[in-house]
Number of protein chains: 2
Amino acid sequence: MQERITSQQWQPGDLLPSEQALSEEFGCTRATVNRAMRELSDAGLVERRRKAGTRVVQPSSHPATITIAIIRQEIENKGQTYKYLLLERLEALPPEDVRVQLGLEQNEKALFLKSLHYGDGIPQQLDVRWINLSALPQAADESFADIGPNEWLLQRVPHPNIEHVFRAEKATAEEQRLLQLQECEPVFVIERRTWILGQGITYVRLVHPGSRFQMATRSSAEPIFN
Amino acid sequence: MQERITSQQWQPGDLLPSEQALSEEFGCTRATVNRAMRELSDAGLVERRRKAGTRVVQPSSHPATITIAIIRQEIENKGQTYKYLLLERLEALPPEDVRVQLGLEQNEKALFLKSLHYGDGIPQQLDVRWINLSALPQAADESFADIGPNEWLLQRVPHPNIEHVFRAEKATAEEQRLLQLQECEPVFVIERRTWILGQGITYVRLVHPGSRFQMATRSSAEPIFN
DNA sequence: TAGTGGTCTAGACCACGGT
DNA sequence: CCGTGGTCTAGACCACTAG
């Protein structure tokens with residue numbers, strides 16, 4: 001069925017035969033056709049609606065899946081030696097936008113952390129972060145001197161909900177200094193918000209030197225074949 | 001089952017009961033358990049191996065799904081008026097790396113296109129592209145004066161395989177001029193390679209002003225709930 | 001209201017890969 | 001070896017919704 005779509009035998013907008021009809025054509029049961037169609041639907045090749053049937057999607061976007069590894073892994077995978085350095089740790093009132101994103105009360109303090117991650121002695125990531133202490137009171141007792149907040153959180157809140165924003169920005173003066181950047185060198189910024197059951201966990205800004213970082217992707221449509 | 005994982009009742013590394021056991025516990029058939037487990041597996045919460053069983057993943061990365069809309073949609077969604085301008089169109093020998101990625105012969109020419117996309121008269125995207133003419137001979141007859149190459153391709157090759165790379169870069173002099181950038185303003189670059197059945201289709205570099213562009217994401221783990 | 005997809009049961013065979 | 005997940009059959013009921 002995927003072949004028929006990519007070969008344009010079934011074109012965008014076309015209505016596919018019903019599961020019933022396809023199960024007869026391919027000589028299998030409807031459950032098998034349903035399973036295949038659901039995979040095509042997950043991959044974004046078709047859209048399904050009860051009674052209306054299944055149609056080939058008119059593609060107007062490229063869906064893609066990325067994997068953001070924790071920085072230590074990424075550095076060690078490159079064969080570099082990893083070093084972690086805590087720069088700042090304090091409990092304070094977060095700025096308004098962070099306060100709202102974490103779902104904190106008006107005068108509720110949160111944990112602020114600033115840390116640097118090196119590969120072969122060269123700064124690779126600046127981690128600037130707020131952690132919700134009502135959600136994670138244990139964080140108040142952790143020094144974060146020896147473990148990065150990202151790893152620490154992943155161990156304690158294994159599968160949170162996540163939202164990311166990616167941006168290319170001009171480095172601030174502080175970022176330029178901490179990341180040892182040259183004049184005019186851009187930074188690749190990942191902003192991440194995690195929460196679980198509606199409760200904000202952390203808000204973090206991951207700043208990477210533009211010249212030492214990139215992110216890659218693989219189509220979600222591909223793995224279906226073969 | 002997802003609740004048991006997020007609540008740490010089943011912790012990272014833990015072996016889950018077999019499908020057989022779970023089907024008895026939940027009072028359903030193994031097929032139903034299998035379907036649920038497959039969704040958890042797709043979402044990256046568990047890993048499954050025959051004979052070895054199913055384990056909660058030790059999370060060491062954040063998977064995420066992004067959608068890269070075609071630029072015209074993105075601009076129109078913001079309520080801006082879209083304008084397209086073709087800057088350059090010629091058939092030429094591509095540089096070596098592009099030649100290899102498209103799978104072209106040594107002295108095979110390809111179609112080179114350079115175009116700009118405006119929102120409310122302000123440049124939002126520079127599209128610099130090579131198209132494989134053996135894969136798409138029809139492209140030689142298209143002027144691309146009135147339609148962007150991205151849209152044109154999506155209409156003709158609806159569901160190709162895709163690879164992306166994202167980067168923050170310093171704008172070249174030409175990019176700075178074409179995108180009307182200020183001194184030192186970074187660009188967000190998306191490099192895209194598409195192919196179908198092993199045949200390269202296009203290689204494109206989408207250059208966005210860092211100050212007017214961002215990319216967002218939503219966790220793939222979330223939609224399971226509710 | 002009729003036809004579509006969504007989902008489930010009950011049962012079966014098999015490939016893989018730890019032990 | 002043999003327990004695990006992967007996949008399929010055959011049949012059923014139901015929710016949704018376009019016509």
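Any value given below was found using the heavy atoms of this structure, including those in side chains, with hydrogens, waters and symmetry copies removed. Quick note on labels: first sequence line is chain A, next is B, and so on, each numbered from 1.
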Note to self: With ring pair (Phe, Tyr, Trp, His ring centres under 6.0 Å) as the rule and sequence neighbours excluded, what pairs involving residues 22-53 of chain A come up?
What the structure shows: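 Not a single pair qualifies under ring pair (Phe, Tyr, Trp, His ring centres under 6.0 Å).
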* **Pairwise ring pair (Phe, Tyr, Trp, His ring centres under 6.0 Å) hits with a residue in residues 53-83 of chain A, at least two apart** =>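 Ring pair (Phe, Tyr, Trp, His ring centres under 6.0 Å) check on residues 53-83 of chain A returns A:Tyr82-A:His117.
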| said: Base, sugar-phosphate or nothing for A:Ala52? Non-hydrogen atoms, less than 4.0 Å. | reply: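 Sugar-phosphate, no base atom in range.
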Q | Residue pairs passing the salt bridge (Lys or Arg N to Asp or Glu O under 4.0 Å) test where at least one lies in residues 122-134 of chain B, sequence neighbours excluded | A |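 Every salt bridge (Lys or Arg N to Asp or Glu O under 4.0 Å) pair that includes a residue of residues 122-134 of chain B, provided the two are not neighbours, is B:Asp127-B:Arg129.
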Filter on salt bridge (Lys or Arg N to Asp or Glu O under 4.0 Å), then keep only pairs touching residues 66-84 of chain A, sequence neighbours left out; what's left?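 Output for this query lists A:Arg72-A:Glu76, A:Arg72-A:Glu151.
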Query raised in the report: How long is the line joining CZ of B:Arg48 and P of D:dG3, in whole Å?
Result: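 Spelled out: CZ on B:Arg48 to P on D:dG3 is 18 Å.
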Side chains of residues 49-56 of chain B: which donor-acceptor partners sit under 3.5 Å, not counting sequence neighbours?
{"residue": "B:Thr54", "atom": "OG1", "partner": "B:Arg48", "partner atom": "NE", "Å": "3.1"}
{"residue": "B:Thr54", "atom": "OG1", "partner": "B:Arg48", "partner atom": "NH2", "Å": "3.4"}
{"residue": "B:Arg55", "atom": "NH1", "partner": "B:Gly13", "partner atom": "O", "Å": "2.8"}

**Report entry** Below 4.0 Å: OP1/OP2 of D:dA18 and any side-chain N or O of A:Arg50
**Finding:**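 The answer is no; no side-chain N or O of A:Arg50 sits under 4.0 Å from OP1 or OP2.
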- Task: Anything under 4.0 Å to a heavy atom of chain B counts; send over the first and last such nucleotide of DNA chain C, read 5' to 3'.
- Result: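 So the outermost contacting nucleotides come out as C:dT7 to C:dG18.
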So, using side-chain contact (heavy atoms from CB on, under 4.5 Å) as the criterion, who are the partners of [X] when residues are at least two apart?
X        : value
A:Glu96  : A:Arg99, A:Val100
A:Asp120 : A:Gln80, A:Thr81
B:Ala140 : B:Glu91, B:Leu133
A:Ser60  : B:Gln73

Dot-bracket assigned to DNA chain D with the 3.5 Å Watson-Crick/G-U criterion, [ ] for crossing and | for other-strand pairs, is ||||||||||||||||||.
**Message:** Under 4.0 Å between a side-chain nitrogen and a carboxylate oxygen: does that hold for B:Arg4 and B:Glu25?
**Reply:**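 Salt bridge: yes.
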> Quick one, which residues of residues 22-31 of chain B touch DNA chain C with a heavy atom under 4.0 Å?
Replying inline: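 Listed by number, they are B:Gly27, B:Cys28, B:Thr29, B:Arg30, B:Ala31.
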